[in-house]
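Reading through the structure tokens given below for one structure.
Quick note on labels: first sequence line is chain A, next is B, and so on, each numbered from 1.
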There are 2 protein chains.
Amino acid sequence: MDALNKLSATEAAARIAAGTLKSEALVAACLERIGQREKDVQAWAFIDSDLALAQARARDKEPRRTRLHGIPVGVKDVFDTADLPTEYGSPIYRGNRTTCDAACVAQVRELGGVILGKTVTTEFATRYPGKTRNPHNLKHTPGGSSQGSAAAVADWMVPLAFGTQTTSSVIRPAAYCGVVGYKPSFGLVNRAGLKTLSDSFDHVGTLTRTVPDAALIVEELSGGSVTPFDAVSRMKPRIGFCRTHYWSKADQPIRDALEQAVPRLERAGARVRAVDLDGEFARLVEVQISISTYEMFRALAYERTRFPELISETLMGRLLGGGGVTRTEYEEAQAIAQRCRARLADIHRDYDALLSPSAMGEAPEGLESTGEPTFGASWTVLHCPAVSVPVFQGPRGLPIGAQVTGAQGKDGPTLLCAEWVHRALG
Amino acid sequence: MDALNKLSATEAAARIAAGTLKSEALVAACLERIGQREKDVQAWAFIDSDLALAQARARDKEPRRTRLHGIPVGVKDVFDTADLPTEYGSPIYRGNRTTCDAACVAQVRELGGVILGKTVTTEFATRYPGKTRNPHNLKHTPGGSSQGSAAAVADWMVPLAFGTQTTSSVIRPAAYCGVVGYKPSFGLVNRAGLKTLSDSFDHVGTLTRTVPDAALIVEELSGGSVTPFDAVSRMKPRIGFCRTHYWSKADQPIRDALEQAVPRLERAGARVRAVDLDGEFARLVEVQISISTYEMFRALAYERTRFPELISETLMGRLLGGGGVTRTEYEEAQAIAQRCRARLADIHRDYDALLSPSAMGEAPEGLESTGEPTFGASWTVLHCPAVSVPVFQGPRGLPIGAQVTGAQGKDGPTLLCAEWVHRALG
């Protein structure tokens with residue numbers, strides 16, 4: 001029998017439904033794994049084993065509420081939790097306690113899930129790293145900002161964890177850690193109780209080991225219909241191979257891996273064509289910076305004005321840059337974003353999904369940087385669903401992801417394509 | 001010399017700039033007015049006179065930062081404040097203290113403004129009323145949900161106050177209390193630190209006694225250019241008279257007042273044509289309910305599941321209604337909203353502003369209801385700027401507002417039209 005901590009959420013949910021698995025055993029297995037590995041991986045900001053086990057035992061005594069019943073979930077420490085500290089990765093909030101749970105946390109509890117603990121975030125989900133290491137090689141970054149969630153899921157500590165993405169903070173750590181990162185369509189998961197960075201771009205996302213697990217939790221939270229993964233084996237998706245404007249910046253192994261994937265996808269039944277996102281699409285990385293920094297300057301006004309000495313130099317530089325973005329520049333950037341969203345909708349008449357890199361390369365060595373977010377930014381601006389699937393390995397033996405994106409609002413079909421790609425290349 | 005508490009923010013700012021007014025004197029005058037009237041009006045949830053005066057004295061010792069320097073501002077008690085309680089109008093949060101200030105609160109402080117206190121809100125900015133009374137007749141509701149802000153501004157207690165609008169929570173209390181209510185274009189004022197109800201519709205707005213005051217604070221917060229109110233006297237605006245789908249529900253005096261205003265506007269130089277918002281526009285009130293309740297069910301999941309006994313029956317009914325909205329219904333409602341926004345943009349090629357009722361009638365008698373939000377809902381869904389100007393009086397001697405709305409993102413031109421209408425009819 002597999003170690004219980006290695007079960008996917010979908011597998012665990014099936015066993016719980018069948019009465020062959022207790023939440024307490026599942027949670028205990030996760031806690032045991034954490035006990036063995038946390039000293040090295042450092043994925044968790046706060047964990048209270050007794051609290052987690054108490055939740056599990058309470059669920060075990062009840063009728064099953066939903067597919068999340070009894071399933072442990074990690075929560076990035078940018079979501080408020082009433083029963084665990086919430087520090088947002090910042091010394092300003094050392095020991096901070098919030099009065100209530102964020103919406104997605106309260107929903108997980110309502111749906112029967114178990115909040116296992118808070119996972120490490122970079123400073124306010126921006127660039128300045130937290131303590132987490134890449135479980136595949138502890139000398140390498142796990143990426144950011146959802147670094148604790150990605151590392152914990154990759155290291156078999158928890159099957160599901162919440163992340164957030166404002167640039168590439170779900171997709172990049174998923175790629176670096178070799179797990180599935182899912183940034184749903186903008187707004188699909190409720191954001192109440194998330195520490196706001198950029199109202200226009202903050203997305204709640206998930207880190208999981210399988211695509212169906214990502215679908216499971218987001219469907220339960222949003223009331224969406226169940227994605228029919230049984231259909232994947234019969235699919236012949238129309239895939240746009242999207243090198244993007246930043247192709248030349250990607251490491252050679254990434255480019256090689258994706259180029260070589262194309263004939264494999266075709267052999268597996270896909271129709272693959274190159275899609276060139278030209279014109280204003282090439283400006284979306286700068287658009288993302290203008291809009292997000294304008295908004296962050298304001299969203300973090302309290303911290304910026306009261307505790308400047310407790311903000312990292314890198315973040316303060318970005319905030320002050322945002323203070324220099326004029327309202328006119330901000331509105332022009334929003335207009336570009338809007339036009340590109342309309343163009344993307346047109347493109348998706350011909351394509352079920354687009355395939356692009358998840359990141360520049362393997363996870364960089366060193367913990368002082370979380371890597372470059374370039375390949376996530378455009379899809380964040382476009383508000384479309386994006387899924388990083390772990391399908392390649394780089395020359396240093398670290399995972400490389402492929403990013404599958406879809407039409408805004410078409411999360412089910414996009415997840416099906418991501419699963420199809422995962423199977424075809426995995 | 002006028003009582004200082006009766007100065008508009010624009011007048012006070014000019015005097016502070018000229019060195020003829022100290023913030024301390026201005027704040028003291030506001031506090032004195034509150035001392036005289038609060039027993040009757042009950043506009044304030046929390047006020048700390050010493051704290052307000054200390055802020056004013058600190059600003060008086062410094063060079064002037066912006067037009068907000070030394071100006072007192074009231075803050076609806078749905079925004080977090082680090083130095084005053086934040087109860088969101090709910091017994092669940094009795095005595096609640098938040099760690100940080102909401103973005104707009106921290107920004108006001110950074111820009112030199114003085115946070116005078118927290119104003120009363122209905123329960124989580126929804127329907128269940130707070131304690132505030134209409135200063136024009138204490139037996140009547142001031143409207144909701146921004147009831148404390150509207151009443152405080154109307155009763156000369158403070159020149160500027162923040163409100164929020166998810167349906168009609170700025171426009172309606174402004175109309176009932178005879179002040180200017182301004183709901184800016186969606187997202188113009190940063191929402192970080194606002195208790196989230198409906199991510200798709202929550203707007204930060206303002207209550208003021210003049211249109212230029214509304215422009216002043218929002219321009220300072222957003223970095224927008226200064227609206228040239230000098231140009232108003234030369235304007236010949238193209239106004240669409242928009243009875244809306246709900247015209248027959250408005251009280252006769254409202255309809256009469258607006259119908260009779262048309263020739264006056266034309267004599268003042270406007271071109272006025274009837275605009276019929278037909279088809280899907282007629283569904284926007286139901287669209288607003290579907291989307292906002294779907295989102296509220298999730299945003300208030302913690303309160304709904306942990307403290308159901310401390311939630312009013314009226315709110316719990318709406319939340320549970322929201323739990324019954326399917327994801328498909330939600331997405332259909334969002335699609336209607338999107339199509340209507342595009343149609344409104346088309347309509348505004350021919351019209352600088354649309355004129356419609358702000359509310360069904362005068363403020364209803366009694367404090368158990370805050371009145372009907374119908375006339376605000378569509379403009380909230382449309383994300384466009386909306387301004388209620390106090391230009392009529394009803395048969396019971398209470399104020400009636402006219403609502404001036406503009407194209408999404410065109411806040412300056414819309415505020416100019418609102419000021420033009422205010423002068424033409426006021």
Side-chain angles (χ1 to χ4, degrees), chain A residues 80-82 86 92-93 96-111 185-200 219 221-225 294-307 323-331 334-335 409, chain B residues 80-82 86 92-93 96-111 185-200 219 221-225 294-307 323-331 334-335 409:
Chain A
D80 289 348
T81 44
T86 304
I92 297 170
Y93 289 91
N96 179 55
R97 290 281 180 163
T98 64
T99 310
C100 75
D101 283 337
C104 63
V105 172
Q107 277 198 278
V108 163
R109 296 191 206 272
E110 180 177 31
L111 296 164
S185 289
F186 185 67
L188 184 50
V189 177
N190 197 288
R191 305 189 296 177
L194 165 65
K195 180 74 175 164
T196 302
L197 257 191
S198 167
D199 209 0
S200 295
E219 286 160 7
L221 293 169
S222 65
S225 54
Y294 170 97
E295 293 180 351
M296 283 162 57
F297 176 81
R298 289 165 173 80
L300 296 179
Y302 173 75
E303 294 82 0
R304 176 173 54 75
T305 55
R306 295 291 184 93
F307 302 100
V325 176
T326 67
R327 182 74 199 172
T328 304
E329 288 164 347
Y330 174 82
E331 289 175 3
Q334 289 281 17
Chain B
D80 289 348
T81 45
T86 304
I92 297 170
Y93 289 91
N96 179 54
R97 292 280 181 163
T98 64
T99 310
C100 76
D101 284 336
C104 63
V105 171
Q107 277 199 278
V108 163
R109 297 192 206 272
E110 179 176 32
L111 296 164
S185 289
F186 185 68
L188 185 50
V189 177
N190 197 288
R191 305 189 296 177
L194 165 65
K195 180 75 177 166
T196 302
L197 257 190
S198 166
D199 209 2
S200 295
E219 287 160 8
L221 293 170
S222 65
S225 54
Y294 171 96
E295 294 181 350
M296 285 162 57
F297 175 82
R298 290 165 174 79
L300 296 179
Y302 173 76
E303 295 82 359
R304 177 173 54 75
T305 55
R306 294 291 183 96
F307 303 100
V325 176
T326 67
R327 182 72 201 174
T328 304
E329 288 164 347
Y330 174 82
E331 288 175 4
Q334 289 282 17

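Of the listed residues B/Val105, B/Leu197, B/Asp199, the one with more heavy-atom pairs under 4.5 angstrom with chain A than any other is B/Asp199. Among A/Ser222, A/Cys104, A/Ser225, A/Ser200, the residue making the largest number of heavy-atom pairs under 4.5 Å with chain B is A/Ser222. Each of B/Lys195, B/Arg97, B/Gln334, B/Arg304 has some count of heavy-atom pairs under 4.5 Å with chain A, and the biggest count is that of B/Arg304. Counting heavy-atom pairs under 4.5 Å between each of B/Asn96, B/Leu300, B/Ile92 and chain A puts B/Asn96 at the top.
In terms of heavy-atom proximity, A/Gln107 sits nearest to B/Ala301 at CG-CB, 4.0 Å. In this structure, B/Ala299 and A/Asn190 approach most closely via the heavy-atom pair N-ND2, 3.7 Å.
Applying the ring pair (Phe, Tyr, Trp, His ring centres under 6.0 Å) rule to B/Tyr330 yields the partners B/Tyr294; only residues at least two apart in sequence or on another chain are considered. Among residues two or more places apart in sequence or in another chain, the salt bridge (Lys or Arg N to Asp or Glu O under 4.0 Å) test is passed with B/Glu295 by none.
Within the 4.5 angstrom heavy-atom criterion, atoms from both the backbone and the side chain of B/Leu188 approach chain A. Neither the backbone nor the side chain of B/Thr326 has a heavy atom closer than 4.5 Å to any heavy atom of chain A. When heavy atoms are compared at a cutoff of 4.5 Å, B/Ala102 does not approach chain A at all. In this structure, chain A has heavy atoms under 4.5 Å from both the backbone and the side chain of B/Asp101. Only the side chain of B/Glu303 comes within contact range of chain A, with heavy atoms under 4.5 Å apart.
Looking only at side-chain heavy atoms (C-beta outward), A/Thr98 and B/Thr99 stay at 4.5 Å or farther from each other.
Between atom CZ of residue A/Arg306 and atom CZ of residue B/Arg109 there is a gap of 5.0 Å, rounded to the nearest 0.5 Å.
Between the side chain of A/Arg298 and the backbone N or O of B/Leu221, at least one donor-acceptor pair lies under 3.5 Å.
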Quiz item: So B/Ser185 and A/Glu331, side-chain contact (heavy atoms from CB on, under 4.5 Å) or not? Walk me through it.
Solution: CA-CA 12 Å; B/Ser185 289; A/Glu331 289 175 3; over 6 Å; no

